[in-house]
Each structure stands twice: as structure tokens, then as C-alpha cells.
Amino acid sequence: MMKIQNTHTRKILAMLLATAAVACTKESVVLVDTEFENIETSKVDKERRIEFSTFADRSTRAAATEGDLEFYHQTFKVYGTKTSNEGTKVQPIFQGVTVTAAIAEAEEEPNTWEYNTDRYWDKQADNYQFVAFAPAHAPLGYQHNLVEVNHESASFFSTEDFTIIGQNLQEGAPASAEKNAGFTGADGTDCDVMRSAPFPVTDPATTPTVTLNFSHTLAKLAVTAKANAAAPYTITINSISVNDLLSTGTYDHNAGWKAKSTATVDYSYTTPATALSATQKTYFIESLVMPQNVTDTQVLNINYTITSGDYSEEFTYTATLDQLFKDKATAFVQGNSYTVNFNIAPEQNIITFDTGVTGWTDTNGDNAID
């Protein structure tokens with residue numbers, strides 16, 4: 001251990017240490033919020049930034065990622081307010097801001113949601129409220145009137161009449177499973193409008209991420225078909241249609257969709273002809289439906305051909321939707337998926353013959369025939 005030999009040397013060393021301490025202090029001063037004491041500045045900024053995660057309800061099935069909003073839409077529009085500790089001042093902090101999915105390149109990395117111009121949590125506010133709809137270009141607005149989101153006077157509404165054109169979301173060749181995604185509403189296609197449940201935050205320290213739970217506001221109709229057996233015939237679907245579904249209406253926060261009774265649309269699959277599988281059902285129609293009653297004027301037609309050897313014959317099956325959904329559903333309800341499954345079994349209805357011979361008599365009335 002080094003010993004300091006004299007007082008003069010000790011004074012010089014003390015001055016050097018003091019100078020070094022001051023220099024070190026000047027270089028490493030970090031302004032840290034008292035609530036995040038002993039945390040580096042970069043981490044403070046990251047944790048205080050308002051971030052979003054999302055979840056979508058399961059009105060469809062069979063896909064591992066269907067619980068993620070980005071599976072259906074990659075944008076949403078968010079509204080949010082904060083309330084002061086005294087509860088007397090409400091400020092809007094998100095007024096229809098578009099949030100976009102950042103899809104991770106690596107499968108093991110999570111997707112994130114990003115927006116422009118970061119907002120930060122305010123520790124002087126004791127209540128936040130958030131709500132959103134997807135996609136961001138959906139024809140919806142949100143009225144909050146500078147009061148809290150989710151306040152009794154706040155509401156979603158349609159900015160114009162919403163019209164479903166009857167698009168088959170299979171987009172061409174049928175699929176052996178529901179498509180589920182593709183509800184983008186771009187380029188004149190049908191748009192699956194989703195709305196989040198209100199999300200309150202009273203303590204950002206324990207709830208640093210806003211988690212929005214979205215649900216479908218429209219219904220979905222699917223039509224499937226399957227062959228009962230692979231041999232000794234082939235079944236080919238030529239066309240399927242569902243007619244006279246109400247297509248145009250408006251949306252209200254409390255009442256939901258209100259369809260206009262004068263505008264209808266048909267859903268159809270026409271070409272190319274598709275041979276059915278005996279092992280799995282094929283989805284021919286998957287379309288959005290405005291919530292409405294199931295009626296006897298809505299007719300489903302399926303035209304198919306049965307081929308056996310060198311013989312083929314065309315068949316047409318027709319039924320009303322109220323017959324098909326009898327004791328199952330009386331209305332298309334928002335957020336629900338409705339499927340009509342056809343299992344075509346020609347072998348259960350084969351035309352068969354039976355024969356017999358009646359005896360002849362050599363008489364014509366009472367007169368014998370010579």
C-alpha cells in the first residue's frame with residue numbers, strides 16, 4: 001500500500017481527486033424522473049412512451065394467428081383522453097391517430113404497433129381512456145366532445161352509408177379452409193369493420209401498455225360442400241349463390257348496424273368448376289354480411305354435376321336460408337360466423353328398378369279371343 005509522505009503531497013492529491021470528481025459529475029449527470037430513480041434515461045423514455053398491443057375476438061376459426069388484429073387489419077385509428085388528478089380537466093391525447101402494425105421479419109420476434117409523434121404518460125393524470133376501430137380507413141367516426149372516451153355521451157358512428165358489395169373473400173379458387181384474413185376493404189372490396197372495447201388506465205406504472213380488444217361488427221356467411229365418397233363417381237360444383245341479402249346501412253354505437261330494406265346484394269361462386277373431396281370440405285363462399293334477420297326471401301342455389309364413368313348429369317338444389325338455419329339462427333348477428341355445409345351423397349339416392357310380370361287372359365270383356 002502506498003503511503004503519502006508529507007502534507008503538501010496530500011493536499012495536491014486531494015485537489016486532483018476533487019477535480020476528477022467534479023469532471024466525472026459533469027459528464028454523467030442524468031436527469032431522471034423521481035418515479036424512475038436509478039434507471040437510465042433511454043429506458044425511462046421507452047417505458048414512459050404510450051404503446052399499444054391488440055387482440056381480436058374469434059368469430060372465425062382454424063388459424064393459429066386469428067387472435068391477432070394484424071391477421072385481419074394492419075391499421076387502426078385510436079382515440080384517447082386523460083383526466084387530471086382533480087378530475088376537473090379532460091384532455092384528448094389521441095384524436096383519431098392512425099396506428100400501424102410493424103410486422104417482424106423473424107418469426108420469433110413479436111409484431112409491434114407504431115404511430116407518429118410519441119405521446120408520454122403523465123403522472124399528474126390519474127385516469128386515461130382509450131378506444132379504437134380498425135382498419136383506419138373504415139367509414140367510422142368517433143364523437144367524444146372533449147369528454148372522456150367511454151363517457152356516456154361518447155359514441156361510434158358511420159360517417160356515410162356502408163355498402164357490402166357481396167364480395168367472395170375466397171378471391172377465385174375455393175379453399176379447403178376458411179381464408180379468415182383479407183378483410184382489407186381496399187380497392188372497392190368489402191371491409192370488415194372492427195371496434196375495440198374501451199380500455200381504462202389508472203396507473204401507467206402497472207399498466208404501461210394499452211391493450212385493445214377488438215371485435216367484428218359485421219357477420220360472416222360461409223358455404224361449403226363435400227363429397228360423401230370418392231368412388232364410383234365425381235362431383236363437380238358449377239355454381240353457388242346466395243341471393244337478396246341486405247347490403248347497405250349505417251352504424252350506431254348503441255344500436256349497431258341498421259340495414260336499409262331497399263338495397264340487396266347476391267353472393268356467388270361461378271367458375272371454375274371444382275371437383276369435391278371426399279376427405280375435407282371446400283369453402284366456396286366466405287363473405288361479410290350486414291347484421292339482419294334470416295328470411296324466406298334469401299335463397300341459396302347450388303348447381304353441381306355428377307359424373308360416373310361415361311355418364312354425367314347436372315343437378316340444382318335450392319333452399320331458403322330460413323329453412324337451412326331453422327332451429328339454429330333467426331338472424332345474422334355481428335361478430336358471428338354462419339356456415340351452410342353440403343354433404344352430397346348420390347349413392348343414397350340412386351334411381352333403382354324393380355320388375356314384375358302380370359298374367360294375361362285371353363278375353364276381351366265377356367268375349368273370348370279366338
Side-chain angles (χ1 to χ4, degrees), residues 33 35-36 39 42-59 63-83 90-144 147-151 154-156 181 183-186 191-217 253 335:
D33 191 303
E35 289 189 350
F36 296 92
I39 301 176
S42 60
K43 188 174 182 181
V44 171
D45 288 345
K46 182 178 185 298
E47 292 197 354
R48 293 192 63 192
R49 177 180 181 272
I50 298 175
E51 297 182 346
F52 294 94
S53 65
T54 60
F55 176 81
D57 74 339
R58 300 186 173 219
S59 68
T65 56
E66 68 179 5
D68 299 323
L69 176 67
E70 59 267 32
F71 185 68
Y72 304 94
H73 300 297
Q74 294 190 9
T75 63
F76 65 85
K77 189 164 287 188
V78 65
Y79 296 79
T81 57
K82 70 176 182 180
T83 308
V90 178
Q91 296 182 58
I93 53 175
F94 289 91
Q95 293 180 282
V97 173
T98 296
V99 182
T100 303
I103 306 300
E105 294 183 1
E107 291 185 2
E108 63 273 12
E109 295 294 327
N111 297 329
T112 57
W113 291 91
E114 303 294 337
Y115 59 91
N116 293 329
T117 311
D118 290 347
R119 274 76 161 166
Y120 295 88
W121 295 109
D122 178 5
K123 65 182 180 181
Q124 297 300 315
D126 66 352
N127 183 269
Y128 284 83
Q129 297 280 355
F130 300 90
V131 75
F133 63 80
H137 62 264
L140 282 187
Y142 188 77
Q143 184 68 44
H144 54 78
V147 298
E148 289 184 60
V149 167
N150 196 31
H151 187 273
S155 64
F156 287 93
F183 303 113
T184 59
C191 178
D192 169 42
V193 180
M194 301 179 74
R195 193 189 104 182
S196 82
F199 187 84
V201 176
T202 56
D203 184 3
T206 58
T207 313
T209 300
V210 179
T211 302
L212 296 173
N213 184 0
F214 284 83
S215 59
H216 300 273
T217 66
H253 183 84

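The first residue of the sequence shown is numbered 1, and numbering continues consecutively from there.
To the nearest 0.5 Å, atom CD of residue Q74 and atom CG of residue N111 are 8.0 Å apart. Atom CZ of R48 is separated from atom CG of D122 by 8.0 Å, given to the nearest 0.5 angstrom. Put simply, OG1 on T100 and CZ on F76 are 8.5 Å apart, with the number rounded to the nearest 0.5 Å. Here the CD-CZ distance, from Q129 to F94, works out to 14.0 Å after rounding to the nearest 0.5 Å. In this structure, NZ in K82 is found 8.5 Å from CD1 in I50, a value given to the nearest 0.5 Å.
For N127, the side chain to side chain donor-acceptor pair (under 3.5 Å) criterion is met by no residue, not counting sequence neighbours. In this view, F156 and Y142, H253 satisfy the ring-ring contact (aromatic ring centres under 6.0 Å, His included) rule, not counting sequence neighbours.
For the pair F199/T211, a side-chain contact is recorded, criterion being any heavy-atom separation below 4.5 Å from C-beta on.
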- Message: Test side chain to side chain contact (heavy atoms under 4.5 Å, CB included) on T54 and E70; report intermediate values, then the result.
- Response: CA-CA 8 Å; T54 60; E70 59 267 32; 3.8 Å; yes

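Summarising the geometry of T83 relative to V90, their closest heavy-atom pair is OG1-CG2, 3.9 Å, with the distance given to 0.1 Å. Minimum interatomic distance between F133 and L140 (heavy atoms only, all atoms of both residues): CZ-O, 3.1 Å. Counting all heavy atoms, side chain and backbone alike, V201 lies closest to T207 at CG1-O, 3.9 Å. Across every non-hydrogen atom of A132 and L212, the tightest pair is CB-CD1, 3.8 Å. Between V193 and T217 the shortest heavy-atom distance is O-OG1, 2.8 Å. For the residue pair R49 and W121, the shortest heavy atom distance occurs at O-NE1, 3.7 Å.
Cation-pi geometry between R119 and Y128 is not met at under 6.0 angstrom from the ring centre and within 45 degrees of the axis.
Under the 3.5 Å distance criterion, the side-chain polar atoms of T209 are left unmatched by any main-chain donor or acceptor of S53.
For an aromatic pair to be called close, the ring centres must be under 6.0 Å apart, and H73 with F214 fails this.
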